[in-house]
Each structure stands twice: as structure tokens, then as C-alpha cells.
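Just below is one structure, and these are the notes that go with it.
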Amino acid sequence: MKFCSVCGSEVVQKIPEGDSLTRYVCENCGTIHYQNPKVIVGTIPIWEGKILLCKRAIEPRKGYWTLPAGFLENRETVEEGAARETSEEANAKIDIVRLHSVYSIPHISQVYMFFLANLIDGIFSKSPESEEVKLFSPEEIPWEEIAFASVTFALKRYTEKSEPSNSGTHMGSIRNRKLEDKT
């Protein structure tokens, strides 16, 4: 950030009084420009025991499989965002069951929230964001072709049903390319 979005003056990086982190601060109007993590929301859509995956038609990771997910929009609940992303990427309608997993990637300032969801009518199709959309049984998941670590984490926690903690929310993160599982 170079300029203040309030008054247009140049900003400097400094620790504001009463804070402990370096922020962009406008010394002209006094505005502190906070930068916070981006929230990505998505679903694990289930139909007759199978998981709906989308093959990405866009970068990053074009041609790899993922769960329907994307950035949360302003003025949207996390559940609304997850349902919207499922509709946009898979043309599918869902009923959200519960929060399944939260996965943090601090080095790129992202937090992923995946909800367990039921497909309402089993209808889905490809979209401008997904070149293919397909149901997979847990044994059929193409693990080597999964686009993102956050998706692998959510899918593995879902498919490992022998765990007593499977009914709770799974927490994980990746730091320095190492998975931290707080399940």
C-alpha cells in the first residue's frame, strides 16, 4: 500500500500507539489501514455417500480437483458464501449440515472454512470455474490430483470416519510447509 484510501496521501509503516504490530498509517489524516486475513469458504457436498469434487478450469492449479470454495464476500455469512460458491462452481444446491474444518495458512494470510453439506437433489454440472464436476466415493478420490493442502486436510478428516472426533470441527494449519493438525 502506498497511498491512503481516505485522503490520498502517502502512507508509512509504523506501529500505531497502543498497537503491537506494524501497520500502514496515514500521517495526514491519521487513518490506520488494517490488513487482515482473507476467509475462504466452501463445502464438502455429499450425495448418496459420495463427495462432489470440481476439476478447476481456472488458475491457480487449473486441471486439479478441489472442493467448491472461494473467497467470502462482504456482507455475506460464511454459510451463505459456502452455498454461493457451491452454486457457482458446481451448479449445485446444498443444505449445510455443520462446520467441518478450519484450516489456516498464515504465510499467505488465508483461513479456510469447509462445511459438511448435503446435495439437495443430486443435480450438478460444470461451470466456467470447473471443467468437470464428479461424485467420488472415498476410495475413488484422486489424492495425487487434489489442488490444495486445505482441501486434502478437509477430505482426509471426512474420510477417516473411524476417528471419534469426526463429529467435531477439525482444526489444522500449515507453517513452513509442515502440517499442524489440531484435531
Side-chain angles (χ1 to χ4, degrees), residues 1-45 54-92 94 96-117 127-131 146-157 168-183:
M1 174 177 254
K2 293 185 180 195
F3 300 99
C4 177
S5 60
V6 175
C7 73
S9 298
E10 286 191 40
V11 294
V12 296
Q13 285 191 306
K14 68 179 190 179
I15 299 174
E17 186 177 331
D19 203 336
S20 60
L21 299 173
T22 302
R23 313 281 187 186
Y24 288 105
V25 177
C26 178
E27 293 185 318
N28 182 54
C29 71
T31 299
I32 302 169
H33 297 276
Y34 295 94
Q35 294 181 313
N36 302 100
K38 296 288 185 184
V39 177
I40 293 88
V41 292
T43 62
I44 302 174
C54 303
K55 187 177 252 188
R56 293 181 59 80
I58 57 174
E59 294 294 351
R61 308 290 286 161
K62 182 179 178 180
Y64 285 82
W65 292 96
T66 190
L67 291 166
F71 289 104
L72 184 67
E73 297 289 348
N74 289 333
R75 299 177 188 9
E76 186 175 59
T77 68
V78 290
E79 298 90 345
E80 289 168 343
R84 175 186 48 76
E85 286 292 338
T86 303
S87 176
E88 287 177 2
E89 294 188 11
N91 293 305
I94 56 158
I96 290 180
V97 176
R98 67 172 174 84
L99 179 62
H100 170 71
S101 60
V102 176
Y103 190 84
S104 300
I105 309 178
H107 70 278
I108 57 173
S109 302
Q110 292 182 351
V111 177
Y112 289 76
M113 299 176 73
F114 286 104
F115 292 87
L116 187 59
S127 72
E129 296 181 32
S130 302
E131 63 185 49
I146 299 297
F148 306 108
S150 57
V151 173
T152 298
F153 178 83
L155 286 170
K156 288 221 181 243
R157 293 316 161 282
T169 302
H170 304 278
M171 307 277 294
S173 62
I174 191 164
R175 288 185 184 271
N176 303 322
R177 300 187 189 274
K178 183 180 176 199
L179 172 67
E180 295 177 16
D181 190 343
K182 297 173 180 132
T183 301

When you measure from the side chain of Arg61 to the backbone N and O of Ala147, does any donor-acceptor pair fall under 3.5 Å? yes
Phe3 side chain near Glu10 side chain, heavy-atom distance below 4.5 Å: yes
Hey, could you give me the CE/OG1 distance between Met113 and Thr169, rounded to the nearest 0.5 Å? 8.5 Å
Output, in order, the C-alpha distance, side-chain angles, deciding distance and verdict of side-chain contact (heavy atoms from CB on, under 4.5 Å) for Lys2 and Val11. CA-CA 6 Å; Lys2 293 185 180 195; Val11 294; 5.5 Å; no
Any residue meeting side-chain hydrogen bond (donor to acceptor under 3.5 Å, both in side chains) with Gln110, in chain and number order, not counting sequence neighbours: Tyr112
Rounding to 0.5 Å, atoms CD1 (Ile15) and OG1 (Thr22) come to a distance of 4.5 Å
Sub-3.5 Å donor-acceptor pair from the side chain of Ser130 to the main-chain atoms of Glu89, do we have one? yes
Set of residues satisfying side chain to side chain contact (heavy atoms under 4.5 Å, CB included) with respect to Glu76, sequence neighbours excluded: Leu72, Glu73, Glu80, Arg84
Is it true that atom CD of Glu17 has more than 12 heavy atoms of other residues, nucleotides or ligands lying nearer than 6.0 Å? no
Checking Phe148 against Leu67 for the side-chain contact (heavy atoms from CB on, under 4.5 Å) test, could you report, in this order, the C-alpha distance in whole Å, the side-chain angles of both residues, the deciding distance, and whether it holds? CA-CA 9 Å; Phe148 306 108; Leu67 291 166; over 6 Å; no
Nearest 0.5 Å, what's the SG-CD distance between Cys54 and Glu85? 10.0 Å
Would you indicate whether the side-chain heavy atoms of Thr31 and Ser5 approach each other to under 4.5 Å? no
Is there a donor-acceptor pair under 3.5 Å between the side chain of Ser104 and the backbone N or O of Pro106? no
Residues at least two apart in sequence or cross-chain that pass side chain to side chain contact (heavy atoms under 4.5 Å, CB included) with Pro16, listed by chain then number, are Asp19, Arg23, Val25, Ile32
Checking the side chain of His100 only, and the main-chain atoms of Ala154 only, is there a donor and an acceptor separated by less than 3.5 Å? yes
Identify, with sequence neighbours excluded, every residue that meets side chain to side chain contact (heavy atoms under 4.5 Å, CB included) alongside Pro128. none
When rounded to the nearest 0.5 Å, the distance separating NZ of Lys55 from NZ of Lys62 is 11.5 Å
Is the shortest side-chain heavy-atom distance between Glu88 and Ser127 below 4.5 Å? no
Summary of salt bridge (Lys or Arg N to Asp or Glu O under 4.0 Å) pairs that have at least one residue in residues 27-36, sequence neighbours excluded: Lys14-Glu27
Does the side chain of Ile174 come within less than 4.5 Å of Tyr103's, by heavy atoms? yes
Enter the distance from Ser173:OG to His107:NE2 here, rounded to the nearest 0.5 Å. 11.0 Å
Can you confirm whether Arg56 sits close enough to Glu131 that some side-chain heavy atom of one is under 4.5 Å from a side-chain heavy atom of the other? no
After noting the C-alpha distance and the side-chain angles of Cys29 and Cys4, does the key distance pass the side-chain contact (heavy atoms from CB on, under 4.5 Å) rule? CA-CA 9 Å; Cys29 71; Cys4 177; 3.7 Å; yes
Flag the pair Phe115 / Ile94 as yes when at least one side-chain heavy-atom distance between them is below 4.5 Å, and no otherwise. no
Are the side chains of Val102 and Val111 in touch, meaning some heavy atoms are under 4.5 Å apart? yes
Test side-chain contact (heavy atoms from CB on, under 4.5 Å) on Ile146 and Tyr64 and set out the steps. CA-CA 6 Å; Ile146 299 297; Tyr64 285 82; over 6 Å; no
Tabulate below the donor-acceptor pairs under 3.5 Å that side-chain atoms of residues 34-43 make, not counting sequence neighbours, or state none.
unit_1, atom_1, unit_2, atom_2, d
Thr43, OG1, Thr86, OG1, 2.7

Interatomic distance, OG@Ser101 vs CD1@Ile44, rounded to 0.5 Å, equals 5.5 Å
